[in-house]
Amino acid sequence: MKNKLIAIFTLCIATFACAQSVPTIGKYAPREHRGFYNSTSFGTAYNWFYNSLDDTGKYNDRQRHDVEYYEFSGGSFALGEFKFGVAIADLVAFHTVFNVGFFMGTVDYFNERYHERCTEVGCINVPEIENVDIPTSNDAYNFRTYFGFGATFYPIRDKNSPMNGFFVGGSLGYTLFVAVINGGHDSATGNGGFGFELETGKEWWINDHYAIGFGIGFAHSSLVWETVKSHRSDNVLSLSFRMTRG
């Protein structure tokens, strides 16, 4: 009986000691991700999209298609991203994501016009040769923004590990962009759609509250406004430098 009481007393003391040395899920601890979370990053990125405008309508009882295609590629040294949320247990942070970028590049334009001709056997697409625009390639400036919700994970909690501060994250959200075209048949093209972002990188604590680091990211969105299947995607590959609090 005496040995059991000693064992219970020892267990209670150990539990109390652990409770004092290990912070709770939301309790602040230096150089750990707990409580309020904010991460701000700026960097460089490469953006490419395949956009289209499908203007389909009836013409003399036939289905007539007029499709415009836009293929953009360009770079940016002005990509900024802001995350606000809450970090839990020095393991995961749940947050909003907002980023904005200004890209300079070129956009290739071409179009197709065709109508459906139906017989007893079936329907075929007949291209129209007249009134088809000449393909062009022009300078363009793309303004792109993204808003979403996501999470960032810090799987290495050992502060003595050289991999402490390694992170991987992702989010789901909505993208909008408008590309202003310098010359060509149209002055601008734009679209929007749902997509995702993925990021991985490394941070180093510079004091008890702030860490700096870098991240490599990839974003993809499926465009939804009057597009055709072959041209309805937007992509970004980025390298950013970040400062994180909490």
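In what follows, residues are counted from 1 in the order of the sequence shown. Note: hydrogens, waters and symmetry copies are ignored here, and every other heavy atom, side chains too, is used.
- Cluster membership check: F82 shares its hydrophobic cluster with F36, using side-chain heavy-atom separations under 4.5 Å among Ile, Leu, Val, Met, Phe, Trp and Tyr.
- To the nearest 0.5 Å, the span separating NE2 on H220 from CG on L237 amounts to 14.0 Å.
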Please evaluate residues F98 and T145 with respect to the criterion side-chain contact (heavy atoms from CB on, under 4.5 Å), reporting the C-alpha separation (whole Å), side-chain torsions for both, the decisive distance (0.1 Å), and the verdict.
CA-CA 7 Å; F98 173 75; T145 185; 3.3 Å; yes
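- Residues H33 and Y154 bring their aromatic ring centres within 6.0 Å.
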N142 and N47: side chain to side chain donor-acceptor pair (under 3.5 Å), yes or no, with the steps?
CA-CA 9 Å; N142 187 31; N47 172 224; 2.8 Å; yes
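- In this structure the side chain of E199 reaches within 4.5 angstrom of the side chain of E81, judged on heavy atoms.
- The shortest non-hydrogen separation linking S233 to N235 is OG-ND2, 3.9 Å.
- Two residues are said to be in side-chain contact when any heavy atoms from C-beta on lie closer than 4.5 Å; I88 and R34 fail this criterion.
- Within a 6.0 Å radius of OH in Y210, no more than 12 heavy atoms belonging to other residues, nucleotides or ligands are found.
- Contact record, F177 with L223: CE2-CD2, 3.7 Å, taken as the closest heavy-atom pair.
- The structure places CZ of F214 at 13.0 Å from OG of S41, a figure rounded to the nearest 0.5 Å.
- Judged by the 6.0 Å distance and 45° axis criteria, R242 is not positioned over the aromatic ring of F42.
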Passes side chain to side chain donor-acceptor pair (under 3.5 Å), D108 versus S137? Steps please.
CA-CA 4 Å; D108 296 328; S137 180; 2.7 Å; yes
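- Contact check on D208 versus R31 returns a salt bridge, with a Lys/Arg side-chain nitrogen under 4.0 Å from an Asp/Glu carboxylate oxygen.
- Between Y174 and F194, the ring planes are perpendicular. Angles over 60° get that label, and only those under 30° would be called parallel.
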Under 3.5 Å, which donor-acceptor pairs do the side chains of residues 66-79 form with other protein atoms, sequence neighbours left out?
residue	atom	partner	partner atom	Å
D66	OD2	R113	NE	3.0
D66	OD2	R113	NH2	3.2
E68	OE1	Y70	OH	3.0
E68	OE2	Y109	OH	3.3
Y69	OH	E112	OE1	3.1
Y70	OH	D186	OD2	2.5
E71	OE2	H231	NE2	2.7
S76	OG	A78	N	2.9
S76	OG	F102	O	2.7

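- Nearest heavy-atom pair across E197 and A219 is CG-CB, 3.6 Å.
- The side chain to side chain contact (heavy atoms under 4.5 Å, CB included) with K83 is formed by just one residue from the set N38, T152, T40, N99; it is T152.
- In plain terms, the two heavy atoms of G246 and W205 that are nearest each other are O-CH2, 4.3 Å.
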Derivation of the ring-ring contact (aromatic ring centres under 6.0 Å, His included) call for F167 and F153:
CA-CA 5 Å; F167 67 87; F153 295 89; over 10 Å; no
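- Between F166 and T200, the closest side-chain pair of non-hydrogen atoms falls below 4.5 Å.
- Side chains of N51 and T189: a donor-acceptor N/O pair is present below 3.5 angstrom, by distance only.
- The closest side-chain donor-acceptor pair between S171 and Y146 falls under 3.5 angstrom.
- Ring-plane geometry between F149 and F147 is classed as perpendicular, the angle between the planes exceeding 60 degrees on a 0 to 90 degree scale with a lower cut at 30.
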Go through it in stages, so that I can follow the logic: the residues are Y37 and H95, the test is ring-ring contact (aromatic ring centres under 6.0 Å, His included), and I'd like the CA-CA distance, side-chain angles, deciding distance and then a yes or no.
CA-CA 8 Å; Y37 180 87; H95 49 72; 5.8 Å; yes
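- Taking NZ from K202 and CD1 from I212, the interatomic distance works out to 10.5 Å, rounded to the nearest 0.5 Å.
- No side-chain heavy atom of W225 sits less than 4.5 Å from a side-chain heavy atom of L53.
- One distance of note links CD1 of I216 with CG of L198; it measures 12.5 Å at 0.5 Å rounding.
- G192 approaches L176 most closely through the heavy-atom pair CA-CD2, 4.0 Å.
- Contact between V228 and S52 at its shortest, heavy atoms only, is N-OG, 2.9 Å.
- We find that D234 and R144 are joined by a salt bridge, their nearest charged nitrogen and carboxylate oxygen being less than 4.0 Å apart.
- Interatomic distance, CG of D90 versus NZ of K159, reported as 7.0 Å (0.5 Å rounding).
- A heavy-atom distance below 4.5 Å is found between the side chains of F218 and F196.
- In this structure, R157 contributes its side chain and A89 its backbone to a donor-acceptor pair below 3.5 Å.
- Between N191 and T227 there is a side-chain heavy-atom pair separated by less than 4.5 Å.
- The closest side-chain heavy-atom distance from V180 to F143 is not below 4.5 Å.
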